[in-house]
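Heads up: the structure comes next, in structure tokens.
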Amino acid sequence: TSARAAVAAAIAKSNQNNDNSLPMCKYDTSIDNMISLPPTTILHTLTSLWSYIFPQISLNYGSKASSLLLTFVYTNRIIDRLWVIILKYHENDIIAITDSMSMSMSFKPGLGELNPNNGPISCLITLTACMNVYFKALDDVELYTHCKPLPLVQIIPLVKCINMILFKSMEYDATVATAKGQLSLFEWDTISDTNTNSNSKGSGSSGSHCGSRSYSSNALKVIACVCKDIYARWTRQPFSKHDLWNIIHITNDNDRYREMLQKDGFIRGTFAHQLLHQMPWIIDFHERIKLFRSLVDNERNTIQNTTNSTTGILINNSISISIRKKYLLNDGLKSLENMSSINMKKKISVSYINEYGEKEAGIDIGGLFKDFVIDLSDLIFNPNYGLFCITEHDQLLYPNPHACNLYPDITELDNLYSFLGKILGKAIYENITLQPKFAPFFLNFMFHSYNFTNMFQDLISLDPELY
């Protein structure tokens, strides 16, 4: 109650000196006149408490608590006020903010957790947790035109700040987790936290350690979510140069990071693996393509070019399939639909059967399989086949929502789409370029964690007139 009264008094005093509807776009010129800081003790108490509670709520979106938090964030100017407070801590110096918080969020030596009693840290975590919920109900017009929850001129330094903090924190955490045999903060969850706590009764330090580790995990996950959301909006409508996201280009260890990503990118729990999954934008898109091809090609060469350890002779572990040209889809489906992922990565040799039931002459050294994949994709992606439609504006492909009317057997339809996924995966694995081009909203939807709040903005790539 005392804290509420103190903050209410501070806000009331601020509102007496400032028009509550003043344009937030003037942060950069009138920062010192925006808000009077509440008493430091009260501020730290509130934000320390909120930095524990809000991240857990915002990561569990859809719960009653998240609805209450959304209402709280939308009806109070907490986001812009917290950002002003963070700026005031460091006199509006973004570099100083990033350096200071990165040191704090790079954890105390020997512990590996964030310190919620650090004022700027708790403010930042509270801010990002509120933004994570706020963005769930925010459309692009509000962000770009109405400057909500912050003007773009302030979104840019905020991104610089949390992006670098996330990068440095993940790097340090991966080192600590590897050395101690722990789960990384992104793999840590409330279940493991609860189990560890229940198994460590009587050990106050262990319980405190687990609670702090859970706090750190939620904090970094929330910061990552906010970065991902802002980046998704930036890809639709850029509001800065791409250098805003390319952290590796502004570090002094470009070659070291590239070598690390190529070496450890597929190894779960490593810093490289976390970067590619949590912060892919820090590497230029074309660099990511080269890295992806390098990782996949190395694995493919290892699997497909196995040699005998004694004789050194290349072992032929390819898989042969027979295809009738008139029954390309049926034979392909029959041969590949039940093939395991391990076998799909092996070399697949195709033998074509002519109309008389005889094998056509020729040995498949890669060309026949490539022709098979291309012919099959041309057939199955053809809108006349019924599995896909095309957008009127750009002639881009997306799944036909009425395909179930053409294929009443749902199992058959599921098998066709699953088979198509295997063909696409194999084409990417073998570096075979296919002609079909997908609509942006469909590509976005294929991400493993699609943000459904983007569906309204994605509508423009389906039907601009309806949008």
Side-chain angles (χ1 to χ4, degrees), residues 22-35 73 77-105 120-121 123-170 219-220 222-251 275 278-285 287 451 453-454 457:
L22 61 87
M24 292 291 98
C25 294
K26 294 183 179 179
Y27 275 173
D28 53 331
T29 59
S30 58
I31 188 69
D32 291 332
N33 298 320
M34 286 293 298
I35 182 173
V73 171
R77 290 173 52 187
I78 183 173
I79 293 177
D80 57 351
R81 292 182 182 276
L82 281 174
W83 180 236
V84 169
I85 289 169
I86 292 172
L87 291 175
K88 281 201 168 187
Y89 267 118
H90 298 279
E91 299 180 349
N92 208 17
D93 187 343
I94 295 299
I95 296 178
I97 293 174
T98 304
D99 291 343
S100 173
M101 291 192 180
S102 294
M103 290 179 65
S104 299
M105 295 187 74
I121 288 296
C123 280
L124 180 75
I125 294 172
T126 302
L127 168 68
T128 51
C130 291
M131 290 187 74
N132 189 38
V133 173
Y134 194 93
F135 280 149
K136 303 298 183 186
L138 185 76
D139 63 42
D140 287 1
V141 173
E142 290 178 294
L143 176 65
Y144 287 91
T145 305
H146 301 155
C147 296
K148 294 181 179 180
L150 292 169
L152 296 180
V153 71
Q154 291 301 319
I155 290 287
I156 293 173
L158 175 63
V159 168
K160 289 181 180 179
C161 178
I162 60 177
N163 217 20
M164 183 60 76
I165 288 170
L166 184 61
F167 177 80
K168 291 184 176 180
S169 301
M170 286 172 56
L220 288 189
V222 161
I223 293 174
C225 286
V226 172
C227 282
K228 289 176 182 177
D229 198 303
I230 296 176
Y231 181 71
R233 295 171 190 271
W234 182 90
T235 57
R236 290 196 295 267
Q237 187 175 341
F239 51 80
S240 70
K241 295 181 179 179
H242 196 274
D243 291 346
L244 174 65
W245 301 98
N246 289 355
I247 289 181
I248 287 187
H249 284 297
I250 63 176
T251 62
L275 276 183
Q278 303 297 335
M279 302 180 69
W281 55 80
I282 69 169
I283 310 163
D284 180 75
F285 177 74
E287 288 288 332
N451 184 351
T453 59
N454 291 332
Q457 300 301 326

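Predicted, not measured: the structure shown is a model, and the values here were computed from it.
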Shortest non-hydrogen contact from L220 to L166?
O-CD1, 3.8 Å

Side-chain contact test, heavy atoms from C-beta onward, threshold under 4.5 Å: evaluate it for L127 versus V226 and give yes or no.
no

Looking at T235 and A232, would you say the former's side chain and the latter's main chain have a donor-acceptor pair under 3.5 Å?
yes

With a distance cut-off below 6.0 Å to the six-membered ring centre and an angular limit of 45° from the axis, does R233 pair with F135 as a cation-pi contact?
yes

L152 and Y144 have their tightest heavy-atom pair at CD1-CD2, 3.8 Å

Residue pair I165 / S169: nearest heavy atoms and the distance that separates them:
O-OG, 2.7 Å

Distance in Å, L150 CG paired with D80 CG, rounded so as to fall on 0.5 Å steps
6.5 Å

According to side chain to side chain donor-acceptor pair (under 3.5 Å), who are the partners of H242, at least two apart in sequence or on a separate chain?
N246

With rounding to the nearest 0.5 Å, note down the distance linking CD1 in I282 to CE in M164.
9.0 Å

So CG of L87 and SG of C123: to nearest 0.5 Å the spacing works out to 11.0 Å

Residue pair N163 / C227: nearest heavy atoms and the distance that separates them:
OD1-SG, 3.9 Å

Can you name the closest pair of heavy atoms from P149 and L138 and give their distance?
CD-CD2, 4.0 Å

Is there a donor-acceptor contact under 3.5 Å from the side chain of T145 to the main chain of E142?
no

With rounding to the nearest 0.5 Å, note down the distance linking CD1 in I155 to CH2 in W83.
9.0 Å

d(D229 CG, Y134 OH) to nearest 0.5 Å is 12.5 Å

Is the shortest heavy-atom distance from the side chain of V222 to the side chain of I125 under 4.5 Å?
no

Residues in salt bridge (Lys or Arg N to Asp or Glu O under 4.0 Å) with D139, at least two apart?
none

Residues at least two apart in sequence or cross-chain that pass side chain to side chain contact (heavy atoms under 4.5 Å, CB included) with C130, listed by chain then number, are F54, V73, I78, I79, T126

Side-chain contact, heavy-atom cut-off 4.5 Å: Q278 with K228?
yes

Gap between atom CD1 of I223 and atom CE of M279 - 0.5 Å precision:
10.0 Å

Are side-chain heavy atoms of V84 and Q154 found at a separation under 4.5 Å?
no

Going by ring-ring contact (aromatic ring centres under 6.0 Å, His included), name the residues that satisfy it together with Y231, two or more places apart in sequence or in a different chain.
W234, W245, W281

Can you find a pair of side-chain heavy atoms, one from F239 and one from I230, that are under 4.5 Å apart?
yes

